[in-house]
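Taking it in order: structure first as structure tokens, then the write-up.
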Amino acid sequence: MKTLRKRRELEIGTLIVTSGTMCQIQSGDALACLTRHARGDYGDVSDQSWQANEEARETGGRIHSAYCDRDGNRFFIITEADRLATTILLLDEY
């Protein structure tokens, strides 16, 4: 079950946005989803992936979220295990 817990926001490090994302995803949608990602709302991922993300928050693993923008374009947000970088990218750029 996907539950959100009140906790400290995830450190995202350097933000990287791919050119495909910049062309297809409205910046407001990307920013709103980045905020969700940092707060522990991983969007449209399986229960197994949600649990893996929860464990990764505690142990320092990679965190992977999936969202759709208002036009239905699917994109990912990935924060690296070392928390030095977070990338926003399209499905076909993964």
Side-chain angles (χ1 to χ4, degrees):
M1 176 176 230
K2 299 174 183 177
T3 58
L4 299 179
R5 297 182 210 157
K6 187 90 170 152
R7 69 185 123 185
R8 186 172 61 104
E9 287 192 13
L10 179 68
E11 292 184 32
I12 62 167
T14 300
L15 181 62
I16 301 162
V17 182
T18 64
S19 59
T21 300
M22 291 178 71
C23 290
Q24 289 189 13
I25 307 297
Q26 291 190 30
S27 60
D29 291 348
L31 183 57
C33 291
L34 179 63
T35 300
R36 290 174 57 191
H37 173 83
R39 291 183 177 162
D41 177 354
Y42 312 116
D44 187 23
V45 298
S46 69
D47 289 342
Q48 183 178 7
S49 292
W50 193 283
Q51 185 58 42
N53 283 339
E54 287 294 295
E55 290 172 16
R57 283 182 76 98
E58 300 302 319
T59 62
R62 192 176 199 214
I63 298 176
H64 179 266
S65 299
Y67 307 97
C68 287
D69 72 356
R70 68 186 80 188
D71 296 322
N73 296 307
R74 189 165 169 85
F75 64 100
F76 297 116
I77 301 178
I78 301 169
T79 298
E80 298 302 329
D82 59 12
R83 308 295 185 254
L84 294 178
T86 296
T87 304
I88 304 177
L89 66 161
L90 298 175
L91 177 61
D92 62 351
E93 295 175 313
Y94 185 70

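- The nearest pair of heavy atoms linking Cys68 to Gly72 is SG-O, 4.1 Å.
- Under a hydrophobic-cluster definition in which Ile, Leu, Val, Met, Phe, Trp and Tyr are linked whenever side-chain heavy atoms come within less than 4.5 Å, directly or via other members, Leu91 and Ile16 are assigned to different clusters.
- Between the side chain of Thr21 and the main chain of Ile88, a donor-acceptor pair closer than 3.5 Å is present.
- Counting only distance, with no hydrogens or angles, the side chain of Asn53 and the backbone of Tyr42 share no donor-acceptor pair below 3.5 Å.
- When the side chains of ILVMFWY residues are joined at heavy-atom separations under 4.5 Å, either directly or via intervening members, Leu10 and Val45 end up in a single hydrophobic cluster.
- In this structure, Leu90 is not a member of the same hydrophobic cluster as Tyr94, with clusters built from ILVMFWY side-chain heavy atoms closer than 4.5 Å.
- In this structure, the separation between OG on Ser65 and CG on Asp41 is 7.5 Å, given to the nearest 0.5 Å.
- The distance between the ring centers of His37 and Phe76 does not fall below 6.0 angstrom.
- The minimum heavy-atom distance linking Gly43 with Arg36 is given by the pair CA-NH2, 3.6 Å.
- Below 30°, between 30° and 60°, or above 60°: for Tyr67 and Phe75 the angle between ring planes is between 30° and 60°, a tilted geometry.
- Annotation: salt bridge (Lys or Arg N to Asp or Glu O under 4.0 Å) contacts of Arg83 (sequence neighbours excluded): none.
- Thr87 has its side chain out of reach of Thr79: every pair of non-hydrogen atoms, C-beta onward, lies at least 4.5 Å apart.
- The distance from the CG atom of Asp44 to the CH2 atom of Trp50 is 10.0 Å, given to the nearest 0.5 Å.
- Between Asp71 atom CG and Gln24 atom CD the span is 9.5 Å, to the nearest 0.5 Å.
- Between the side chain of Glu80 and the backbone N or O of Thr86 there is no donor-acceptor pair closer than 3.5 Å.
- Considering only heavy atoms from C-beta on, Arg57 comes within 4.5 Å of Ile63 through its side chain.
- Linking ILVMFWY residues whenever their side-chain heavy atoms come closer than 4.5 Å, directly or via other members, leaves Leu89 and Val17 in distinct clusters.
- Applying the 6.0 Å contact sphere to CD of Glu93 captures more than 12 heavy atoms from other residues, nucleotides or ligands.
- Proximity of Leu34 to Ile77: side-chain heavy atoms (C-beta onward) are separated by under 4.5 Å at one or more points.
- By the side-chain hydrogen bond (donor to acceptor under 3.5 Å, both in side chains) test, Ser49 is found to be paired with Ser46, residues two or more places apart in sequence or in another chain being considered.
- A distance-only check finds a donor-acceptor pair linking the side chain of Thr59 to the backbone of Glu55 [under 3.5 Å].
- For the side-chain hydrogen bond (donor to acceptor under 3.5 Å, both in side chains) test, residues two or more places apart in sequence or in another chain that qualify with Asp69 are Asn73.
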